[in-house]
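We're numbering straight along the sequence, starting at 1.
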Amino acid sequence: MHALKEAHRILVPQGIMIDVRPLSVDVPLEILFAGGSESAGIIDMSPCLGLDMAADRAIESVIMERIFKEVKVEYFDFAFYWTTIKGMEEDIEENWKDEVIIPEEVIRLAHMIFNKRHPQTQIRVGNRMKLGVYMKQPLVE
């Protein structure tokens, strides 16, 4: 909430604040190959669910207080791609360590599918994203 009030303070009159973030919904880990794709299972994105809910509450609060006006909210899909499972695991460890849980059975199945379909195989993880656009409102004294 403090960050949103600070954003209001520094924005020019009728300035725009953008809220873009992945939603904490479980997503499939897919192996892509020539001619199709196969799911290795579901990745657990729930570790960030509390942060998601807190962000939504903060946005709702500044809208209710008429600090910001909602211009639009849209949802879209965004995908991450890797050429190796090891590369995916290293990327997740480095960038999303506390945000993503890949069950061991999903990794095992991903290796099996990947090895069966190799070469020209990719790993894909799709995220549902939120894009919120909010306009600064004048403070009412």
Using modelled atom types only, decide if a donor and an acceptor are shared between the side chain of [X] and the backbone of [Y] within a distance under 3.5 Å.
X     : Y      : value
Asp77 : Arg128 : no
Ser46 : Leu49  : no
Asp52 : Cys48  : no

Does any non-hydrogen side-chain atom of [Y] lie less than 4.5 Å from one of [X]?
X      : Y      : value
Ile18  : Val133 : yes
Ile123 : Glu89  : no
Leu29  : Val27  : no
Leu109 : Glu38  : no
Ser24  : Leu51  : no
Leu4   : Met17  : yes
Asp44  : Val100 : no
Lys116 : Phe33  : no

[X] side, atom [atom1]; [Y] side, atom [atom2] - distance, nearest 0.5 Å:
X      : Y      : atom1 : atom2 : value
Ile101 : Trp96  : CD1   : CH2   : 15.0 Å
Ile107 : Met112 : CD1   : CE    : 13.5 Å
Ile85  : Arg108 : CD1   : CZ    : 12.5 Å
Arg124 : Ile31  : CZ    : CD1   : 10.5 Å
Glu60  : Arg57  : CD    : CZ    : 8.5 Å
Glu93  : Asp98  : CD    : CG    : 8.5 Å

What closest approach, in Å, do Phe114 and Thr83 show between heavy atoms, and which atom pair accounts for it?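 Heavy atoms only, the tightest pair is CZ-O, 3.3 Å.
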Closest heavy-atom contact between Ile42 and Pro103?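 Taking every non-hydrogen atom into account, O-CD, 3.6 Å.
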Residues 61-72 side chain polar contacts: donor-acceptor under 3.5 Å, at least two apart:
residue : atom : partner : partner atom : Å
Ser61   : OG   : Glu65   : OE2          : 3.2

Mark yes when over 12 heavy atoms from residues, nucleotides or ligands other than [X] sit less than 6.0 Å from its [atom1]; otherwise mark no.
X      : atom1 : value
Gln120 : CD    : no
Met135 : CE    : yes
Glu105 : CD    : yes
Met129 : CE    : yes

Under 4.5 Å side-chain linkage, directly or through intermediates, the cluster mates of Leu32: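 In the cluster with Leu32 are Tyr81.
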Taking salt bridge (charged side-chain N to carboxylate O under 4.0 Å, His left out) as the definition, give me every residue that meets it alongside Lys130, ordered by chain and number, with sequence neighbours left out.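 Testing Lys130 for salt bridge (charged side-chain N to carboxylate O under 4.0 Å, His left out), a comparison that skips the adjacent residues, returns Asp56.
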Are Tyr134 and Met53 grouped together when hydrophobic residues (ILVMFWY) are joined by side-chain heavy atoms under 4.5 angstrom apart?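 No, separate clusters.
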Relative to each other, are the rings of Phe78 and Phe80 parallel, tilted or perpendicular (30° and 60° limits)?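 Phe78 and Phe80: perpendicular rings.
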